[in-house]
Number of protein chains: 2
Amino acid sequence: MKIATWNVNSIRTRKPQVKEWLMVQDIDILCVQETKVTDEEFPKDDFEQIGYNCYFYGQKSYNGVAILSRNNLECFYGFSGIINGEKSSKMDEQKRLMAARGDIILVNVYVPNGNSVDSEKYHYKLEWLASLREYLKVLKEKYGENIIICGDFNIAPEDIDIYNPQGKENHIMASPKERNALKEIVDLGFIDAFRKFRKEGNYFTWWDYRQNGFARNRGWRIDHIYVTPVVAEKILDCYIDINPRKVERPSDHAPVICEL
Amino acid sequence: MKIATWNVNSIRTRKPQVKEWLMVQDIDILCVQETKVTDEEFPKDDFEQIGYNCYFYGQKSYNGVAILSRNNLECFYGFSGIINGEKSSKMDEQKRLMAARGDIILVNVYVPNGNSVDSEKYHYKLEWLASLREYLKVLKEKYGENIIICGDFNIAPEDIDIYNPQGKENHIMASPKERNALKEIVDLGFIDAFRKFRKEGNYFTWWDYRQNGFARNRGWRIDHIYVTPVVAEKILDCYIDINPRKVERPSDHAPVICEL
DNA sequence: GCTCGTGCGG
DNA sequence: CCGCACGAGC
């Protein structure tokens, strides 16, 4: 079974590439981020035609997540319902989180980018990550130890996850506060599935469109799949497929695949 | 020898289709309208690479004409220089007219659309056509009887040039004043090259992008090639190639070709 | 660079 | 419906 995560940077624009990739890679479940489309406008027919059920939680222009799955899934959307209160419903104004319940709980996240260190958006990112931690704590209590969290975290956990980590201490996606917020999530009891199989650097999932980032391999590993130890035992492999980043009109992100 | 006219609706967007078509059709001279590009930004290298000299007269976003020619040409741009005064230099603010001098004078025009009957733009269209008439009168006096005028006239000369002429009396591109302004130009001594070979209706050069105009064949014949009688004698054929209207990302216009 | 929305022009 | 410009977000 193959579960994947991919920030597609507009599901409408990337529709042909995503369809092609799903078929070639024989993916069972794909968690998508940055769909940039309202639920009314989600191009579900295209994916249903190739055998995928579509679950989506989107908005106009920005953010938006979706899960495309060969099997039917029971999905829930946003923080609300799991963690409640004014703050979580405020957080749900941006559509960045959904989950599916099957044998395993699968959480699909699009963590805020944060713009630049200490900006208003940076503080929102930290708050959002704190909410995610609360959310995952409840999920663990509620549904037990079979959890996968995947998505675009907009954080490179370690220096080896950046093409050139020098001078990135104060860079968005690498700053200590972000890394710590992510660590506090991981410390709830998750394992970086990719790092279970590959310990070395030079593996990236995102390259800036600008300044030929991909051609120069100026990449960052910011898309992750985190799993509970019980799930970790079942994983056969976890890897990045950079081929979709090479095609015409690519997303700036490459998908990450987990086989189990 | 093949001379053609084609409103490409952005030379940058249509570059691949135009290059492909020039080669397949073995065109010697192509008059282009609606290039929508400044002279600095005209993609001349692409056409030079396939053996065409580029002569262009454009502006940002709107209008713009060009001549692509296998042989070198001597070109002149706008009304000014042929007809002078405040009005013609005012008219030249919109880049809609250029000409080439060889054995034959070739005039390339993009007549204003006119928006709707009696609008401000409609009156501008009529004025522009009056200026064109003055311009052509001078050209005839100056250079004699070897003249070809081609381009997007935004006028269907007769009812048979419209898919459904009923109720189009007050429609832009069919109203009596426009048709009369065109007739006054033709009456300077020009022949509709297309009509020399095809007398019947159901021949169109433009189909609205909206409401699936092409699929429903809701077309208009508004792109024309007019020639002096001396030239008319040398023409072997004149026809519309609708194939470029069938491809992916087509212009809303099809090219018209004249063989001589 | 490459998305998107908005607004204009056709 | 499909071009363009512009501004925003990443």
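Throughout, a chain's letter reflects where its sequence line sits, starting with A, and its residues are numbered from 1. Reckoned from all heavy atoms, side chains included, excluding hydrogens, waters and symmetry mates.
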How many whole angstroms separate atom [atom1] of [X] from atom [atom2] of [N]?
| X | N | atom1 | atom2 | answer |
| --- | --- | --- | --- | --- |
| Tyr110(A) | dT3(C) | OH | P | 15 Å |
| Ile172(B) | dG10(C) | CD1 | P | 10 Å |
| Arg12(A) | dC2(C) | CZ | C1' | 15 Å |
| Asp252(A) | dG9(D) | CG | P | 17 Å |
| Lys36(B) | dC2(D) | NZ | P | 13 Å |
| Glu248(B) | dC1(D) | CD | C1' | 14 Å |
| Lys60(A) | dG9(D) | NZ | C1' | 16 Å |
| Asp208(A) | dG9(D) | CG | P | 17 Å |

Residue pair Trp206(B)/Pro250(A) against DNA chain C: nearer the 5' end by closest nucleotide is Pro250(A)

### Query
DNA chain C: Tyr62(A) or Asn212(A), which has the more 5' nearest nucleotide?
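Its nearest nucleotide lies further toward 5', so the answer is Asn212(A).
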
Any salt bridge between Asp241(B) and Lys246(B), counting N to O under 4.0 Å? no

| query | Is the shortest distance from a Lys or Arg side-chain nitrogen in Arg179(A) or Asp159(A) to a carboxylate oxygen in the other one below 4.0 Å? | reply | yes

Reckon Thr13(A) has a side-chain N or O less than 4.0 Å from the OP1 or OP2 of dC4(C)?
yes

Nucleotide nearest [X] (side chain, heavy atoms from C-beta), chosen from [options]:
| X | options | result |
| --- | --- | --- |
| Lys121(B) | dG5(C), dC10(D), dG9(C) | dG9(C) |
| Asn113(A) | dG3(D), dG10(C), dC10(D) | dC10(D) |
| Arg249(B) | dG3(D), dC10(D), dT6(C) | dG3(D) |
| Arg14(B) | dG5(C), dG3(D), dG1(C) | dG3(D) |
| Ser61(B) | dG10(C), dC4(D), dG5(C) | dC4(D) |
| Asn9(B) | dG3(D), dT6(C), dT3(C) | dG3(D) |
| Arg210(B) | dC6(D), dG10(C), dC10(D) | dG10(C) |

**Message:** Is a donor from one side chain sitting under 3.5 angstrom from an acceptor on the other, for Tyr57(B) and Thr35(B)?
**Reply:**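 Tyr57(B) vs Thr35(B): no donor-acceptor pair found between side chains.
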
Measure the shortest side-chain to side-chain distance between Val65(B) and Val109(B) over non-hydrogen atoms and say whether it is less than 4.5 angstrom. no

Taken to the nearest 0.5 Å, the spacing of Asn154(A) CG from Asn115(A) CG works out to 11.0 Å

